[in-house]
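A short write-up of the structure that comes next.
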Amino acid sequence: NRCAAALTDRMILRPLTQLYRGQPEAQVLFPDVAWLHPSLPDDSFPGRYVPTFGVRQAVERLAEMPIEQLEQAWRLGRLDIPRLFRWFETQQIEIFADDPALAGAIRRLPLCPVEGTLRPLADLFLPGGFEDPLQLAGLVDVPAIGGRRQFLHDLGVQELDFDTYLHSHLPRVLAQQPDLPADGRHRLLHLLARRLGEFRDDEALQTQLSQLPLIPCLDGSFRPAVAVYFSREVIDRLGLPVHIAEPVESTAQRALYAWL
């Protein structure tokens with residue numbers, strides 16, 4: 001009945017369609033939800049006609065909140081992120097079996113504290129023993145969100161190892177942030193030169209990286225390998241303005257340049 005109503009936990013009469021019943025932990029985490037009064041039974045009228053509040057409802061509610069509102073609630077202690085992730089972890093049947101799209105939806109929520117702000121798990125990595133020479137790969141502070149590492153891995157959060165960094169993170173960063181500091185770029189080149197043997201046969205990666213601004217030039221710029229020459233001699237031969245790579249003494253780094 002669309003006119004049927006019941007009491008909330010705050011003793012307010014609401015239509016059944018505007019009420020939820022849910023676990024005690026969900027009610028603590030989302031106190032602003034209109035919860036069915038605890039004295040009313042779940043297995044008969046009106047409780048049996050009131051929808052259950054689960055992870056899907058929680059995710060949709062959080063996704064509707066502007067980031068400024070989420071961060072304010074977090075800073076004021078009204079949004080308990082570790083407790084929220086512990087509750088998510090207890091609802092794995094709903095997340096991974098009943099509604100598999102939930103894992104991706106949780107990753108997209110800005111719920112991970114990083115340097116005073118909240119960022120989505122989708123933009124971060126689990127620590128994997130690899131250090132980003134550019135210092136731009138955001139890492140998940142696992143204790144700060146109260147989740148076990150395995151649960152975050154099950155949600156689809158990637159571990160930052162060298163392979164993930166090389167294929168997923170690095171091309172995106174180089175393409176999106178052209179003004180990266182020169183010292184970080186040089187550290188990156190030393191790393192790639194040292195580990196060239198691990199990816200030398202990856203033609204798709206070679207094609208991708210050769211188009212990105214990796215090579216330091218004499219004019220102080222960093223340019224794609226396909227647009228750079230080793231020697232000034234080409235200027236005289238071609239009679240055209242070209243970009244010359246900074247000279248390198250390292251055999252490994254020259255091998256990297258040649259590969260690119």
Side-chain angles (χ1 to χ4, degrees), residues 67 71 107-108 110 112-141 156-260:
I67 181 61
E71 290 185 340
R107 290 199 310 274
R108 291 189 292 272
C112 192
V114 177
E115 298 180 352
T117 62
L118 294 180
R119 292 176 58 185
L121 285 170
D123 294 345
L124 304 172
F125 296 91
L126 290 169
F130 172 78
E131 293 188 10
D132 173 15
L134 299 175
Q135 299 179 344
L136 292 174
L139 298 178
V140 177
D141 184 348
V157 183
Q158 289 186 299
E159 184 176 290
L160 186 64
D161 54 23
F162 180 64
D163 188 66
T164 299
Y165 180 79
L166 190 61
H167 290 86
S168 300
H169 180 71
L170 181 60
R172 183 175 70 249
V173 168
L174 291 174
Q176 295 176 354
Q177 301 191 38
D179 299 324
L180 293 171
D183 57 344
R185 290 175 181 268
H186 282 292
R187 288 195 300 271
L188 172 63
L189 287 171
H190 290 313
L191 170 70
L192 296 178
R194 251 190 355 259
R195 303 184 69 162
L196 177 59
E198 299 177 37
F199 56 89
R200 185 190 296 272
D201 296 331
D202 191 331
E203 294 182 3
L205 181 66
Q206 186 273 334
T207 300
Q208 188 176 31
L209 293 184
S210 68
Q211 305 292 327
L212 297 173
L214 272 171
I215 307 300
C217 297
L218 290 176
D219 62 2
S221 65
F222 284 80
R223 299 184 181 276
V226 293
V228 176
Y229 293 85
F230 271 121
S231 170
R232 284 183 177 276
E233 294 177 6
V234 296
I235 297 178
D236 299 327
R237 292 180 182 177
L238 299 178
L240 297 172
V242 294
H243 302 289
I244 307 300
E246 290 181 357
V248 292
E249 297 180 1
S250 164
T251 302
Q253 198 158 332
R254 286 187 67 86
L256 173 67
Y257 286 13
W259 178 80
L260 287 168

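Excluded from the calculations below are hydrogen atoms, water molecules and symmetry mates; all remaining heavy atoms, backbone and side chain alike, are included.
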Shortest non-hydrogen contact between [X] and [Y], atoms and distance:
X	Y	answer
F222	A182	CE1-CB, 3.9 Å
Q253	V248	NE2-CG1, 3.7 Å
H243	C217	CB-SG, 4.1 Å
L205	H167	CD2-NE2, 4.0 Å
V228	I244	CG1-C, 4.0 Å
G128	E159	CA-CG, 3.5 Å

Distance in Å, [X] [atom1] paired with [Y] [atom2], rounded so as to fall on 0.5 Å steps:
X	Y	atom1	atom2	value
L191	L196	CG	CG	11.0 Å
D202	D163	CG	CG	8.5 Å
L124	D141	CG	CG	10.5 Å

For [Y], does its backbone N or O pair with a side-chain atom of [X] as donor and acceptor, under 3.5 Å?
X	Y	result
T207	E203	yes
E246	L218	no
E71	T117	no
R200	W259	no
R187	P133	yes

Answer yes or no: is there a side-chain heavy-atom contact under 4.5 Å between [X] and [Y]?
X	Y	result
L136	L180	yes
V114	D123	no
L209	L260	yes
L139	D132	no
H186	P216	yes
L192	F199	yes
Y257	L214	no
R254	T251	no

Residues which pass salt bridge (Lys or Arg N to Asp or Glu O under 4.0 Å) with R119, listed by chain and number, not counting sequence neighbours: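 R119 satisfies salt bridge (Lys or Arg N to Asp or Glu O under 4.0 Å) with no other residue.
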
Just to verify, what does E198 make a salt bridge (Lys or Arg N to Asp or Glu O under 4.0 Å) with, not counting sequence neighbours?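 Applying salt bridge (Lys or Arg N to Asp or Glu O under 4.0 Å) to E198 gives R195.
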
Matching residue for L188 among L134, V173, D183 - test: side chain to side chain contact (heavy atoms under 4.5 Å, CB included)
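Result: among L134, V173, D183, L134 is the only option passing the side chain to side chain contact (heavy atoms under 4.5 Å, CB included) with L188.
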
Check the angle between the aromatic planes of F130 and Y165 and answer parallel, tilted or perpendicular using the 30° and 60° thresholds. tilted

Just wondering, more than 12 heavy atoms not from E131 lying within 6.0 Å of its CD?
-> no

